[in-house]
**Student:** 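Sending over a structure as structure tokens; questions will come in a sec.
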Amino acid sequence: MEARHLRYALALAEHAHFGRAARSLGIAQPPLSKQIADLEREVGTRLFDRTRQGVFPTAAGAAFLARARRALDEIAGASVDAARAARGETGRLRLGFIASALLDPLPDVLGRFGRERPDVRLELHEMATTRSTAALVAGELDVTIGLGRPQGVGAEQLVSVPIGHDHLVAVVSSTHPYAGQSSVDVGQLQRQPLIVAPGEDEPAVATGLRTLLGKDSPALSGATVARDIHTIIGLAACGVGVGLGPSRMLAAPRRGTWFCEVTPRTPLPDLFLSFGARDRSPALNAFLDVIRTNCPDVGAALDHRLGPRRPRGPQEDAVDVAFQDARAQGRAQAQDQGQGQGQGQGQGQARGSVASAGSSAP
């Protein structure tokens with residue numbers, strides 16, 4: 001049994017005449033009669049009464065047609081769902097990110113992506129760069145935003161582009177001796193208890209701090225470890241010490257704190273967007289399109305690595321139109337079937353059989 005058999009049966013029920021049904025389907029009457037007879041043999045019972053007044057569904061036919069309508073609706077719906085998934089309008093996207101990315105650029109990117117792709121399920125995981133890289137390589141994430149270019153086993157399988165630049169700043173309590181200063185130097189930092197990110201989570205940052213303060217700096221070896229920038233700022237506000245972190249911390253001011261530049265100016269590892277080189281999932285492509293729109297410089301880097309976005313071709317547009325037509329046709333069928341149902345039942349009662357009308361397109 002094929003979908004066309006269901007359409008033929010629905011058309012015959014709608015027109016109550018083999019000739020009219022065949023014309024609506026765009027086929028000759030003999031093939032339609034043969035297909036209906038074949039369908040009845042496959043089902044194992046007569047589906048239509050052939051009378052002088054017309055052709056009407058039997059009780060078995062009415063039951064069959066009800067299921068046939070639902071089956072064709074499901075087929076049309078499957079095509080529409082497939083098209084939406086292929087365009088990245090549905091599906092799942094698993095994003096791993098460091099906390100500082102929530103200051104920039106993630107707010108604008110996630111806001112836009114949510115508005116443009118509301119039916120894509122976003123799974124967001126805040127985690128350190130080393131962990132998110134490992135999860136990406138293992139296939140547990142689709143895309144990550146972390147500090148520094150991914151390193152280690154499997155990193156060569158990733159596409160990574162810089163998405164933000166940063167430098168080191170210090171944050172202290174408003175009662176700290178350094179509060180009010182525009183900057184602090186290395187000597188001042190060496191004399192203060194420090195608050196830093198854990199080296200095992202953010203090795204690129206740890207390397208930068210060792211370069212600035214010295215590999216065996218007592219200030220670093222005795223530093224308080226905080227796993228995200230909000231904790232660094234919070235501990236500094238409590239007077240625990242001098243917090244060191246990325247300049248994007250300036251976007252998260254907190255009452256009772258003071259930010260200072262660090263001299264000499266110390267660049268931190270770039271923020272990197274990474275994903276699997278072989279991953280071409282529509283949801284990921286949709287996310288990258290939002291990145292391109294919100295971050296033009298990143299978009300240029302992506303185009304350099306992946307090639308520019310391919311414009312949609314006329315065949316793809318035609319497919320989308322066909323899917324929309326199928327959905328509209330399904331709605332029209334449902335309306336016609338509802339109207340035909342009452343008419344068919346009235347005719348069937350006069351002949352002692354259960355009538356049911358339906359409509360279909362070829």
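This is a predicted model, so every value here is computed, not measured.
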**Student:** For residues 275-288, which residue pairs qualify under side-chain hydrogen bond (donor to acceptor under 3.5 Å, both in side chains), counting only residues two or more places apart or in two chains?
**Tutor:**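 Checked against side-chain hydrogen bond (donor to acceptor under 3.5 Å, both in side chains) - neighbours excluded - the pairs reaching residues 275-288 are Asp279-Ser281.
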
**Student:** Sort and list the pairs that fulfil salt bridge (Lys or Arg N to Asp or Glu O under 4.0 Å) and have at least one residue in residues 89-108, not counting sequence neighbours.
**Tutor:**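 Passing the test, one end in residues 89-108: Arg84-Glu89, Arg87-Glu89, Arg92-Glu123, Arg94-Asp142.
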
**Student:** Restricting to pairs with a member in residues 249-263, which pass side-chain hydrogen bond (donor to acceptor under 3.5 Å, both in side chains), not counting sequence neighbours?
**Tutor:**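 For residues 249-263, and leaving out neighbouring residues, the side-chain hydrogen bond (donor to acceptor under 3.5 Å, both in side chains) pairs sorted by first residue read His167-Glu261.
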
**Student:** Enumerate the residue pairs fulfilling ring pair (Phe, Tyr, Trp, His ring centres under 6.0 Å) with a member in residues 202-235, sequence neighbours excluded, ordered by first and then second residue.
**Tutor:**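 Those involving residues 202-235 do not exist here.
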
**Student:** For Arg23, give me all partners under side chain to side chain donor-acceptor pair (under 3.5 Å), at least two apart in sequence or on another chain.
**Tutor:**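 With neighbours one apart ignored, the set is empty.
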
**Student:** Enumerate the ring pair (Phe, Tyr, Trp, His ring centres under 6.0 Å) contacts for residues 200-221, please, sequence neighbours excluded, ordered by first and then second residue.
**Tutor:**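 Pairs touching residues 200-221 that pass the test: none.
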
**Student:** Taking Asp289 first and then Arg292, would you say they form a salt bridge - that is, a charged N and a carboxylate O separated by under 4.0 Å?
**Tutor:**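 So Asp289 pairs with Arg292 through a salt bridge.
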
**Student:** With sequence neighbours excluded, what pairs up with Arg20 under the side chain to side chain donor-acceptor pair (under 3.5 Å) test?
**Tutor:**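 Arg20 satisfies side chain to side chain donor-acceptor pair (under 3.5 Å) with no residue once adjacent residues are dropped.
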
**Student:** Going by atom type alone, with no hydrogens or angles, which donor-acceptor pairs under 3.5 Å involve a side-chain atom of residues 185-192 and a protein atom two or more places apart or on another chain?
**Tutor:**
from   : atom 1 : to     : atom 2 : distance (Å)
Asp185 : OD1    : Gly187 : N      : 3.1
Asp185 : OD1    : Gln188 : N      : 2.8
Gln188 : OE1    : Asp185 : N      : 2.9
Gln190 : OE1    : Ser217 : OG     : 2.8
Gln190 : NE2    : Leu213 : O      : 2.6
Arg191 : NH1    : Gly187 : O      : 3.2
Gln192 : OE1    : His176 : NE2    : 3.0

**Student:** With distance as the sole test, does Arg112 use its side chain to make a donor-acceptor pair with the main-chain N or O of Leu110 at under 3.5 Å?
**Tutor:**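 Side chain of Arg112 to backbone of Leu110, a donor-acceptor pair under 3.5 Å: no, none is there.
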
**Student:** Would you tabulate the side-chain donor-acceptor contacts of residues 155-164 under 3.5 Å, counting partners in other chains and residues two or more places apart, or write 'none'?
**Tutor:**
from   : atom 1 : to     : atom 2 : distance (Å)
Glu156 : OE1    : Gly154 : N      : 3.4
Ser160 : OG     : Ser274 : OG     : 2.8

**Student:** So which pairs with a foot in residues 125-136 pass side-chain hydrogen bond (donor to acceptor under 3.5 Å, both in side chains), sequence neighbours left out?
**Tutor:**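 Pairs touching residues 125-136 that pass the test: Thr129-Glu202.
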
**Student:** Suppose we screen for side chain to side chain donor-acceptor pair (under 3.5 Å). Which residues come up paired with Thr231, at least two apart in sequence or across chains?
**Tutor:**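 Result, side chain to side chain donor-acceptor pair (under 3.5 Å) vs Thr231: Asp228.
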
**Student:** Partners of Glu42 by side-chain contact (heavy atoms from CB on, under 4.5 Å), sequence neighbours excluded?
**Tutor:**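 Scan of Glu42 (side-chain contact (heavy atoms from CB on, under 4.5 Å), adjacent residues dropped) gives Met1.
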
